[in-house]
Amino acid sequence: MKTKKIAAIGILLLSVQASANKFEGIAETPPMGWNSWNTFACDINEELIKDMANVMVSSGMKAVGYEYINIDDCWHGERDNNGFIQVDATRFPSGMKAVADYVHSKGLKLGIYSDAGDKTCGGKPGSNGYEYQDALQYARWGVDYLKYDWCNTENLKAEGAYRTMRDALFSAKRPVVLSICEWGDNKPWLWGEEMGHLWRTTGDIIDCWDCEVDHGTWSSWGIMRILDMQDGLRQYAGPGHWNDPDMMEVGNSMSVNEDRAHFSIWAMLAAPLIAGNDLRTMSVEAKNTLTNSDIIAINQDKLGVQAFKYKVEHEMEYWFKPLADKSWAMMILNRGEKSQKVHFDWKKEDVVDPFFPVEGNKYKTNFINSRFQITDLWNKRSLGTTNKALTVEVASHSVVVYRLDKISNKDKH
Ligand code: GLA
């Protein structure tokens with residue numbers, strides 16, 4: 001008995017030690033921000049980054065929770081004689097510290113990008129062999145977020161490479177959100193919680209509803225393709241460790257309905273909400289989509305549980321996400337080419353979370369005994385209660401999203 005107890009304490013200590021080098025408490029809800037890659041790729045400079053920080057404030061995005069201004073690939077110059085990485089002085093003449101100071105002066109945080117291999121995907125110097133020096137440099141500059149990519153890593157093991165960078169950042173002592181970006185190749189959901197705060201689950205996103213764009217050795221994927229690749233991953237995410245289906249394409253080229261669906265899906269999946277459009281020139285519709293605070297509240301809900309696909313009827317999908325205050329978010333997605341009228345009789349539906357939190361104590365709606373107030377979060381109106389069956393028309397490539405607030409409390413969650 002005693003030996004068993006000692007062994008148990010030993011295992012506990014080991015597991016505490018094992019994750020001791022990760023900064024805790026800095027991504028308790030999915031990170032929100034903007035990243036340069038989807039629109040600008042390598043065409044970036046300090047004025048652009050500062051402009052984005054300005055617009056993040058003036059557009060109201062900061063007020064609804066967006067926080068990080070993330071510089072993706074191609075900010076790099078060469079290493080100096082001591083091996084410290086420098087910025088590209090043509091693109092960033094004031095230096096990265098000045099950019100960080102500016103972003104911080106707006107009440108925002110700065111993100112940067114590197115790669116575990118010898119070179120980044122864009123051919124710039126990678127961090128392989130320089131992890132501790134790079135982490136030190138980022139800390140000196142005032143960097144708050146690191147996206148760490150996986151190009152040119154043929155001789156590396158992902159888990160070890162991300163552990164090294166995690167330890168390097170930790171030893172530099174400035175809290176940094178670590179975004180693992182190895183495209184899901186090494187099942188990061190199985191080890192990512194210990195190494196970082198979010199992990200990409202797929203290859204790169206592209207701004208189309210349901211397409212694959214073949215680049216030869218790799219493909220980029222439309223919204224529906226990425227959604228389908230999230231199957232089976234929801235149980236791995238939670239506060240401090242999120243599945244990342246990639247940065248968003250809202251405001252790039254899709255229709256308003258498609259953008260709303262894309263944004264709602266990311267919210268339901270408790271995905272990081274990292275905008276990837278040009279904030280300076282975005283349409284009113286794109287801005288309204290990105291700043292829908294009711295949808296954001298679903299994403300940022302403290303319970304941190306991803307939605308599950310409850311039911312599929314042809315092109316229609318019904319998704320449910322349990323929320324911290326015992327309410328639920330519900331999304332009806334029309335993937336198809338035609339508008340569809342759907343009927344949902346609450347009393348005939350038994351919505352039970354298939355996984356969380358633990359077997360035997362699952363979240364369930366229990367519509368028979370519990371009544372919920374229904375609020376339509378895109379059209380901003382109340383739709384009555386779950387006592388009456390719902391009939392709604394869902395446009396093609398579109399969603400409706402409801403918040404279901406419990407009003408009678410005969411049952412637990
Ligand atoms: C990879 C990543 C992208 C982006 C580019 C930069 O493809 O998945 O998100 O960071 O590299 O080169």
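Atoms considered below: every heavy atom in the structure, side chains included; atoms not considered: hydrogens, waters and symmetry mates. Ligands are counted one by one from 1 in listed order, and the atoms in each one are counted from 1 as well.
Among the atoms of K147, some N or O lies under 3.5 angstrom from an N or O of ligand 1. Of the N or O atoms in D149, one or more lie within a sub-3.5 Å distance of an N or O in ligand 1.
Taking every heavy atom of R200 and a limit of under 4.0 angstrom, the matching atoms of ligand 1 come to 8 (O), 9 (O). Listed by atom number, the atoms of ligand 1 under 4.0 Å from C121 heavy atoms are 1 (C), 11 (O), 12 (O). Close approach of ligand 1 to W37 (heavy-atom distance below 4.0 Å) involves ligand atoms 4 (C), 5 (C), 6 (C), 12 (O).
Ring pair F84/Y130: centre-to-centre distance not below 6.0 Å. Taking the six-membered ring where the residue is Trp, the centroids of F355 and F308 are separated by 6.0 Å or more.
With respect to R200 and D246, a salt bridge is recorded, a charged nitrogen being found less than 4.0 Å from a carboxylate O. Using a cut-off of 4.0 Å between Lys/Arg side-chain N and Asp/Glu carboxylate O, K380 and D376 are scored as not salt-bridged.
Of the heavy atoms in C181, only side-chain atoms (C-beta onward) come closer than 4.0 Å to ligand 1.
Ligand 1 is never approached by W150 to a heavy-atom distance shorter than 4.0 Å. Distances shorter than 4.0 angstrom occur between a heavy atom of Y113 and an atom of ligand 1.
Heavy atoms of other residues, nucleotides or ligands lying less than 6.0 angstrom from NE2 of H314 number 12 at most. Annotation: N155, atom CG; neighbour count of heavy atoms from other residues, nucleotides and ligands within 6.0 Å does not exceed 12. Counting heavy atoms of neighbouring residues, nucleotides and ligands inside a 6.0 Å radius, atom NZ of K287 does not exceed 12 of them.
In this structure, the side chains of Y145 and L110 stay at 4.5 Å or more apart for every pair of heavy atoms.
Protein heavy atom closest to atom 7 (O) of ligand 1, with residue, atom name and distance, is D204 OD2, 2.9 Å. With hydrogens left out, the protein atom closest to atom 10 (O) of ligand 1 is D72 OD1, 2.6 Å, a heavy atom. With respect to atom 12 (O) of ligand 1, the closest heavy atom belonging to the protein is D73 OD2, 2.8 Å.
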